[in-house]
Structure formats: structure tokens, C-alpha cells
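Just below is one structure, and these are the notes that go with it.
This one's a predicted model, so the numbers in the text were calculated from it and none came from an experiment. Here is how names work: the chains are called A, B, and so on, in the same order as the sequence lines, proteins then strands, and each is numbered from 1.
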Amino acid sequence: MNLIAKPTKENIKTYVPFGLSLVSISFLDVFINAFFNFNLMAFLPSQLGYFLPLILGFIGFYLIRIEFSGVRYLDILNKNINSNNFNALLTLFTIFIIIKSIPPMLDWFILEANFIGNSKEDCTGDGACWVFIKVWFNRFMYGLYPDAEQWRINTAFLILFSIVGASFFVSEKFKKYFILFLVFVFPFLGIKLISGGSFGLEYVESAAWGGLSLTFIISAFAILFCFPIGVILALGRRSSLPAIKYISIGFIELWRGVPLITVLFMSAVMFPMFLPDGTFIDKLIRVLIAITLFEAAYMAEVVRGGLQALPKGQYEAAKSLGMGYWKMNALIILPQALKLVIPGIANTLLALVKDTPLIFVVGLMELAGMIGLAKTNPKWLGMAMEGYVFAGLVFWIICYAMSRYSQNLEKKLSTER
Amino acid sequence: MSKIIELKKVNKWFDKFQVLKDIDLEVAPQERIVICGPSGSGKSTLIRCINRLEEHQKGNIIVDGTELSESTKNIEKIRAEVGMVFQQFNLFPHLSILDNCSLAPIWVKKLPKKQAEEIAMNNLKRVQIDDQALKFPGQLSGGQQQRAAIARALCMEPKIMLFDEPTSALDPEMIKEVLDVMVDLAKGGMTMIVVTHEMGFAKEVADYMIFMDEGKIVERAKTKEFFESPKSERTKLFLSQIL
């Protein structure tokens, strides 16, 4: 039975305004309810008042669902969020949930949050205690690195960022030298600056390093080394020489099959037992090697995916021009294969950055580790939420930046115009 | 007359299937040879053996005095002297046409970049696509891509050019522009071995015709004789179907 005529182009003039106002009323009701805690429909029986926005919105959406109305925005709206009754319901639910969840989030993050003070006791509001982050900020950035020496970390990162920044503005010719410097010179210069021990700089042992700066150091070194190792392993796995092929397969499958946390544990605890007495390799270096080799195995498989996607003709064309194995791979095969797997590479590198907190098992504390330490401080108990929200936000910013960069790179390198 | 390519009793197997059976072939400098035959007859495999894209298991292949063997040095030396054009063009899609052409001269022959690009431009002019030099392969038509591939091979200044069905992947109206380039090349005195079904082209430029079937050379004859009075029945049958 049709209580009301089906919405068509004929009755568009009456149905659309009426439908839209119904939808608006339903949103307005939920909005006022959520933000000002005032119930417009209070005069109705409680159950009806609870469901009324949904019912009104549903009827409103039904009324404006006019196919090929000729009104551009209405058509776009209907096509995307109001194509049938079920879709209309989903739309309403989603929008209601978003509206409902904004006020409590806003309260916790900003309105009821505490920004002023130096101790937990200053946090009197119901929201987040950002004082915790403020007080511990220095530790979250630098770990246990001595305050007086922190300028060294700052300088190292300042140099890094200014070179990276400058490399976007210089011509192609100079860019090459910038990149060579960044890859081959800067890492060792930077690490020397931070660890000290010469040039009159005080030695700071790696156990004192920590916080976000350690996250960056570990990520940067692991990315720098795991990439070439991964490429070589990928080529090795496709080699026609059985020895190289099976060593590569063995290496990749071994490292891929082991959880990173056990690898780290072994690097810190078991590995030194195999070393001759008196030899000592810094814990940070052992951890770096472990992460690098672990991620290299993943990288190898990503790169191999790209190698396999290339048509055989590319190899043959390169060979027919007299190129040997290395020239063929460096000039023809890898540039194409790596371009194909940029999303996969970005994936692996993001996972690498997010895996760094696992170094807590060997007692090294980067950002998340420092937060874990701070939240167990007797004076700051109960701050886990603030700490991990902060850590999540920082990691998200880093990873999102990397993700955007990889998308940019993909676009820039695309030749299928 | 000295030979630039010599094949002596060449045999090749793919697993147990024999694709080449006792192939004997001699090519003199500046000779132009067209190989034809039904599909699966081993004609592509034969010319791919000449620059070692396929490995032969028995017999000898000697190119310009160098014997093809396991020696990587010999293989790379021969490949630098033998240009090859493929059915699927196989241009490098990540490089511009100019870079496609100048890459091998720069890295294999160690020419300075400027000189290599000059050679590349000359060869692109020769195949009449110098106006497309800065485009990428994906932006060119099939005929233009194949001409670019020919130019790329020519940039290595090869003594021999191998063509593996160069027009089979092209639209009919683009075949002519590629064949014109090849005719031009033949008239310039290049040693050429061409696998093709374009009999008009064969009649125009070939010194010798070779007909292959089931891995064997069935007939080898001067072009005129080959078309006017083929000796073997198999050749006659093939020609009657193709012409």
C-alpha cells in the first residue's frame, strides 16, 4: 500500500524541501543532544524520542530519493549515500555516530584537558593530562641523553633536515652530490657527532640514547642498509648460479620465519656468547644489524615481486645491446622493477619504523619505550593513555609523511603519460 | 669470400624437444638473408642463437671470428656487434627515446654522453623519428616504437642486424613505415638476417632465402630461384599458402 506517492520528478518541488527539512531536523536533534545535552524531543515518550531522529531522517531520505532529478547535487547525494533504504540507514547511523563522538573526544583532548602545571596534581580536569607530555617531553625526544649534550643531536638532525630540504631546490647536477653525501658520509658523521668520544666531544654510550631521536636513528640506518641488501638478495634469489640462489633463499626464509622480537633478543643475549672473549660489539649496533637483516629479507621479496613482473623482453633487449649482468640490472631492470613496487617498499619501510619500539626487549628505549618507562614512574601513574595517544600521533605523522612521499615519488617517476 | 657468420651442425633442444637439427649456415658480409617458415619451425630460435639469447647444445657458432661459448666475455663482445630487433619492440619504457638509444653506447662502448647522443640523434633522423626523441616509448605508435628500436640497435654501430618478425605485432598501416626503414638499411650495405612473412620485402632486398621446417633448413636458394622454382615440395606448399 502506498501511503504517499512515489517521489518522482513531478513532485520534486514539494518532496525535496520537505525531505531535506526532515533530514536536517534529525541531524539538528542529534547535534543539540550531543553538544548541549538538551533533548528537543523531550516532550515525547522516551523510546519514541530516542528513535525519532532515525525515523525522521529515514523518511526524509526516502522523499528526496528521486532518480535522474536533473539537480546535480541531489543526484550526487543520492548516488553516493542514499541509493536505497539500507544505504540511507547506514548513512544516518554513520553521521549520528560521528556527531555523537565529537563532544567527548573534544572534551578529552582539549576542552577538559590540562595544559598548565608541572605535576600530576595539577591535572584536576576530567580530560587528558598533557602536563605529563610537557614535563617528560625532553626525555621523550632524547631519552637519557645528558641535557648538556643534547645540542649534538639537534645539530645532527638540523644538518640532516637542511640538506634534505636544500636538495629539493638545487639543480639535478648538484642533487647527485647531496644524495651521495647523505647516503655515504652523513650517517657516519652524524653518529660520530651523537656518540662523541673524539674531537673534544664527551662520549655518550648508546644505552643512554633514547626517545624519538633513537627512533629516527634506528629507522634511518635500518632503511639505509636494508634496501641495498634486500635488492641484492632479490637478485640472488633469481640467480642462475645454484650456490648464490640457495644461500639467498635460505637467508630470506630464515629471517622471514622468525619473529623480530626473538631476533632482537638473540642479538642482545645469545650473540655475545658466540664471540671470542674480549670482543665487544655495542648493543645498539647489534640491534641495528638484527633489524636491518630482518627487514632486508622482507625487502628482498618485495623487490623480487617487481623483478618477476617485468617482461622477459626487457632482459633480452638489454642483453642484445651487449650489457652484462650488472649493467643490465642497474640500468634497465631495477629502475623499472623498483618503480613497480614503490607501494610495497613503502609498506615494508613503514612497518620497519613501527617495529622499532620492539627494541625495548634489549633495554633500549625509543619513543614508545620512554613513554612506557615514564608511565611507571610513581609520581605519574595512570598516564598510559596520554602517553600512548601521543606516541600514536607522532608515529602516525612520521608514517603518513613517508606514505605521502612514496605516492609523490610514484607520480613523479611515472612515464605512462 | 670470408664469412661473418658461420653455423656448423648446430643442434638445440628445449628439454627433450629438438628445435634445431644440424643447422649449417654461412653468411658473408653485406649479405641479406630472409628466413621464412611455418610457426614452430625454429626460425626465431635460430637467429636468437646467433647472439646467444638462446643457448645451443651442439655444434659451433662463429660470429665475426669469435666463437660463441660459455665465455661471458665472448658473448658480450658478440652482442655488442650484433644488433637485434624484436617482435615486441622491447624498448625501455622508463627512458625517453633518446636515452633508449644513447644508453648502450654510453655504458657498453663507454662513449662520452654528448657523442652518444649525437649518434642517437643521427640514427633517429635516419628512421625519421628525431622529432619524437624526448618522448617516452608509451607515447609512440607501434610503428614509431619499432623504428625507435631499430635506431637503438643501430646506435651500437653493429656489423650485423637480426630482425625477429619485426612487423608481426604491428597494425597493417604501420608495417610499411618499418619495412621502408629496413629496405633503406639493406641498401646501405648492412648484413641482415630477417625472420619475416613479408614476402614483398623479401623479394625486394634478400640475396638468399632460407625456408625452415621442423628445425631443419629445408631449402636455401637465391631469392629469384626460391620464388620462381622452389625445389622441395614443402616449400612449394608453404609458398602457395602464403602468396
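Atoms OH and CG, from A:Y298 and A:L352 in turn, are 11.5 Å apart once rounded to the nearest 0.5 Å.
No option in A:V394, A:T356, A:L214 other than A:V394 meets the side chain to side chain contact (heavy atoms under 4.5 Å, CB included) test with A:L367.
Ranked by heavy-atom pairs shorter than 4.5 Å toward chain A, the options B:Q87, B:M84, B:R152, B:K77 are led by B:R152.
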(request) Verify salt bridge (charged side-chain N to carboxylate O under 4.0 Å, His left out) between A:E253 and A:R237, making sure each step is shown before the conclusion. (result) CA-CA 11 Å; A:E253 296 303 338; A:R237 192 167 181 165; 3.2 Å; yes
(message) Determine whether B:D130 and B:N123 satisfy the following criterion, side chain to side chain contact (heavy atoms under 4.5 Å, CB included), listing intermediate values before the conclusion.
(response) CA-CA 8 Å; B:D130 46 322; B:N123 281 305; over 6 Å; no
(request) Might you work through the side chain to side chain contact (heavy atoms under 4.5 Å, CB included) test for B:L162 and B:V85, ending with a clear yes or no? (result) CA-CA 6 Å; B:L162 306 175; B:V85 176; over 6 Å; no
(request) Begin with the C-alpha distance, continue with both residues' side-chain angles, and end with the deciding distance and a verdict on side chain to side chain contact (heavy atoms under 4.5 Å, CB included) for B:M156 and A:L321. (result) CA-CA 7 Å; B:M156 286 296 284; A:L321 289 168; 4.0 Å; yes
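Between A:F181 and A:Y177, the ring centre distance reaches or exceeds 6.0 Å. Between A:W255 and A:F251, the distance from one ring center to the other falls under 6.0 angstrom.
When heavy atoms are compared at a cutoff of 4.5 Å, B:F92 approaches chain A by way of both its backbone and its side chain. Using a 4.5 Å cut-off between heavy atoms, B:E76 contacts chain A through both its backbone and its side chain. With a 4.5 Å cut-off on non-hydrogen atoms, B:I78 does not touch chain A at all.
Of the N and O atoms on the side chains of A:K339 and A:Q336, not one donor lies less than 3.5 Å from an acceptor on the other residue.
Below 30°, between 30° and 60°, or above 60°: for A:W396 and A:Y400 the angle between ring planes is below 30°, a parallel geometry.
Below 4.5 Å, heavy atoms of chain A meet no heavy atom from residues 63-73 of chain B. Residues of residues 96-122 of chain B that come closer than 4.5 Å to chain A, counting heavy atoms only, are B:L103, B:A104, B:W107, B:V108, B:K110, ordered by residue number. Applying a 4.5 Å heavy-atom cutoff, the residues of residues 43-57 of chain B that approach chain A are B:R48, B:N51, B:L53.
Residue A:T292 comes nearest to A:A222 through the heavy atom pair OG1-CA, 3.7 Å, listed as atom of the first residue, atom of the second, then distance.
Atom NZ of A:K79 sits in a sparse spot, with 12 or fewer heavy atoms from other residues, nucleotides or ligands closer than 6.0 Å. The number of heavy atoms from other shown groups lying within 6.0 Å of CD (B:Q128) does not exceed 12.
Salt bridge absent: A:E316 and A:K319 never bring a charged side-chain N and a carboxylate O closer than 4.0 Å.
Remark: A:Y315 pairs with no residue by the ring-ring contact (aromatic ring centres under 6.0 Å, His included) rule, at least two apart or across chains.
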